[in-house]
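Before any comments, here is the structure.
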Amino acid sequence: MEKIKKNIIKNSIPTIIAFILSDIFTMIDTMLIGSISDETTYVASLSAINVTAKVMLFVSAISRGINVASSTILSRYIANNDKEKMQSTIIHTIILNVFFISLPLVIISLIFMKEIMIFIGNDSIIYDVGKGYYIAIMIGFLFSSFNNILAFLSRSVCEAKRSLYMETFANIFNVVGDIVLINGLFIFPKLGVTGAGVATLTYKVILTVMWIFVLFKSKSKLRINVDYKFKFDKKMIKDILRTGIPASTELLSARGANIIFTKIIAGLGTTYLAAQQICMTIFNLIIEVGNALCVSIAPLVSESIGKQKYETAKIYVRYSRKIAIIISTVIGLLIMILSTPLLNLYTNSETVKSIVKGLLIIIIIAQYAQNIRDIYNGGLIGSGDTKYIAKYTILTDVVLKVILSYICINILKLGLVSIWVIIATQEFLKAIIFYKRFHSDNWKNIKVIDSL
């Protein structure tokens, strides 16, 4: 039991810190945009960040699904001490993900940039103000695609601390770039929201350089040996896609639903869309606890199953759930207590602050359900049960979230409060479904790798 706790803490705590820091840096981005004095430009800038985030998350869904699969597969090879297959998994993942998935998707998203931004944002001013930000973020995704592969796989070999240190160091350049480029300090031009995009792109490039060093020069377990002779393996690709396609389908459905969801909210006006962006940055900060634990315990569960230690896999999930509840409770209470000064950092708009403040209680409630859901999600991912996750995510995100949101906003005219009630309901439902699935033990004999 002590070893299990030690493994969870070693892998999850650095990941939780890294994810929370990442969201804090995103919050700083949003807060620094608040220094834009013209309210019309400020609201449009915040809305552009919201729209771009939804597009980027949608584009990254397939990429992340492949990373989930590769992490699970790598853990099985670790369990069997197959070092050659471990290196093969890393290289196949990079080639498949960066060149065959991320690059084509980025090109398409840039070609149809104007149509996408106006369609989601429901207002041409969002495109006019935010197109520079959109371009920088989409180009940056090519680098973050590579970075995310190595970050995912580093957790499979229990090197989460490395990712934390590198992310933190690189993000310093992001914050400095925001301060300098948004307001045009020293010799730099005043770029507004575009400056935030350029700063983020710079941070991603720096992080890529650091990961390349890890891959070829460090003592990491992910290091590719110079004498290793890579051979393209169709079976390896098949194994990755078997688990990766359902995982990608789940993420695509969830993030595609979020794009439609954002468009529905945009119908309320740019002020409400800006308020929703602030709500989501706060919500994302809290749910990063569950998200980090999800990606941390998935490889640990996978390795345990590879060694046929099923009870150990269950203990990883149970102990992680306790950690999620404790940490998310502390963060939720801090946000409630410090809500007024926190919102003052975001914006000077009393209208936007009033909208967000009225939603904080529902946001805190919704995060409990999502954090618990993410823990069981991680357990099911580690077992390779991604088809089940995809099926119920499509059901809840598309049928429940999108359709009910449309009814509440466009027919019943209930406003943004109804949106967050729907989010909370959806997450509680998914938490119950994934809890029952994990405790059914149906995942024990799912095939992840043909050769095993």
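Numbering of residues begins at 1 and proceeds along the displayed sequence.
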Problem - Heavy-atom donor-acceptor pair, Asn344 side chain to Thr340 backbone, under 3.5 Å - result: yes

Problem - Heavy-atom pair of closest approach, residues Pro14 and Ile9 - result: CD-O, 3.4 Å

Handout entry: Student check: side-chain heavy atoms of Ile335 and Leu360 closer than 4.5 Å
Key = yes

Completion exercise
Exactly one candidate in Ile325, Ile331, Ile327, Ile326 meets side chain to side chain contact (heavy atoms under 4.5 Å, CB included) with Thr329; the answer is Ile325

Handout entry: Exercise: identify the closest heavy-atom pair between Ala313 and Ile305
Key = CB-CG1, 4.3 Å

Problem - Ser220 and Glu159 side chains, donor-acceptor separation under 3.5 Å - result: yes

Exercise for the section: Establish, for the pair Lys430 and Tyr392, whether the NZ or CZ atom is under 6.0 angstrom from the six-membered ring centre and no further than 45 degrees off its axis. Expected result: no

Problem - Modelled atom types, side-chain donor and acceptor of Ser154 and Ser163, under 3.5 Å - result: no

Practice task
Would you mind reporting whether Asp374 and Asn377 have side-chain heavy atoms less than 4.5 Å apart?
Solution key: yes

Problem - Separation between CG of Asn174 and NZ of Lys204, rounded to the nearest 0.5 Å - result: 9.0 Å

Problem - Polar side chain donor-acceptor pair, Ser102 to Ser145, under 3.5 angstrom - result: yes

Handout entry: Any donor-acceptor pair under 3.5 Å from Ser60 side chain to Ser63 backbone
Key = no

Completion exercise
Closest non-hydrogen atoms of Thr393 and Ser253, given as atom of the first, atom of the second and distance, are CG2-OG, 3.7 Å

Exercise for the section: May I ask you to decide if Ser109's main-chain N or O and Tyr134's side chain share a donor-acceptor pair within less than 3.5 Å? Expected result: yes

Problem - Spacing of CG belonging to Leu201 relative to CE belonging to Met138, to within rounding of 0.5 Å - result: 11.5 Å

Handout entry: Tyr435-Tyr376 aromatic ring centre distance below 6.0 Å
Key = yes

Practice task
Would you indicate whether Lys314, at its atom NZ, is surrounded by more than 12 heavy atoms from other residues, nucleotides or ligands within a distance under 6.0 Å?
Solution key: yes

Fill in the blank from the handout: Rounding to 0.5 Å, atoms CD1 (Ile66) and CG (Leu241) come to a distance of 5.0 Å

Practice task
Kindly say whether Gly384 contributes a backbone atom to a donor-acceptor pair with the side chain of Trp443 at under 3.5 angstrom?
Solution key: no

Exercise for the section: Report yes if the side chains of Ser418 and Leu412 come closer than 4.5 Å at any heavy-atom pair, otherwise no. Expected result: no

Exercise for the section: Of all the heavy-atom pairs spanning Cys279 and Leu359, show the shortest one and how long it is. Expected result: SG-CD1, 3.6 Å

Problem - side chain to side chain donor-acceptor pair (under 3.5 Å) evaluation trace for Thr72 with Thr243 - result: CA-CA 9 Å; Thr72 303; Thr243 305; over 6 Å; no

Problem - Backbone N/O of Ile49 and side chain of Thr52: donor-acceptor pair under 3.5 Å - result: no

Practice task
Using a 4.5 Å cut-off on heavy atoms from C-beta on, say whether the side chain of Phe261 contacts that of Gln276.
Solution key: yes

Practice task
Compute whether any side-chain donor of one residue and acceptor of the other, for Ser440 and Asn442, lie under 3.5 angstrom apart.
Solution key: yes

Practice task
Using the six-membered ring of Phe152, assess whether NZ or CZ of Arg155 lies under 6.0 Å from its centre and within 45 degrees of the ring axis.
Solution key: yes

Practice task
Working to the nearest 0.5 Å, report the span between OG1 of Thr200 and CD1 of Ile139.
Solution key: 12.5 Å

Problem - Check: Ser248 side chain, Ile62 main-chain N or O, donor-acceptor pair, under 3.5 Å - result: yes

Handout entry: Gap between atom CZ of Phe19 and atom CG of Asn291 - 0.5 Å precision
Key = 5.0 Å

Exercise for the section: Determine, using ring centers only, whether Phe283 and Trp420 are less than 6.0 Å apart. Expected result: yes

Handout entry: Side-chain touch Lys131/Lys114, heavy atoms, less than 4.5 angstrom
Key = no

Practice task
Specify the closest pair of heavy atoms between Ala275 and Ile355, including all atoms of both residues, with the distance to one decimal.
Solution key: CB-CG2, 3.7 Å

Exercise for the section: Decide if atom CZ of Phe141 counts as having more than 12 heavy atoms of other residues, nucleotides or ligands within a radius under 6.0 Å. Expected result: yes

Practice task
Step through it carefully: locate the ring centre of Phe146, locate the ring centre of Trp211, and say whether they are under 6.0 Å apart.
Solution key: no

Problem - With Ser156, the side chain to side chain contact (heavy atoms under 4.5 Å, CB included) member among Pro299, Ser302, Ser70 - result: Pro299

Exercise for the section: Indicate yes or no for a side-chain donor-acceptor contact from Glu427 to the backbone of Ala424 under 3.5 Å, with no hydrogens or angles considered. Expected result: no

Exercise for the section: Indicate the atoms forming the closest heavy-atom contact of Ser320 with Ile375, along with that distance. Expected result: O-CD1, 3.9 Å

Problem - Within-4.5 Å side-chain heavy-atom neighbours: Ile362 and Val417 - result: yes

Problem - Single hit among Ile73, Ile90, Asn67 for side chain to side chain contact (heavy atoms under 4.5 Å, CB included) with Leu153 - result: Ile90

Problem - Working for side chain to side chain donor-acceptor pair (under 3.5 Å), residues Glu167 and Tyr203 - result: CA-CA 9 Å; Glu167 285 272 357; Tyr203 133 72; 2.9 Å; yes

Practice task
Answer yes or no: is there a donor N or O on one side and an acceptor on the other, between the side chain of Asn371 and the main chain of Gly290, under 3.5 Å?
Solution key: yes

Practice task
List the steps, then state whether side chain to side chain contact (heavy atoms under 4.5 Å, CB included) holds for Ile118 with Ile126.
Solution key: CA-CA 7 Å; Ile118 294 175; Ile126 293 174; over 6 Å; no

Exercise for the section: Report yes if the side chains of Phe58 and Val55 come closer than 4.5 Å at any heavy-atom pair, otherwise no. Expected result: no

Exercise for the section: State the CD1-CZ distance between Ile297 and Arg321, to the nearest 0.5 angstrom. Expected result: 10.5 Å

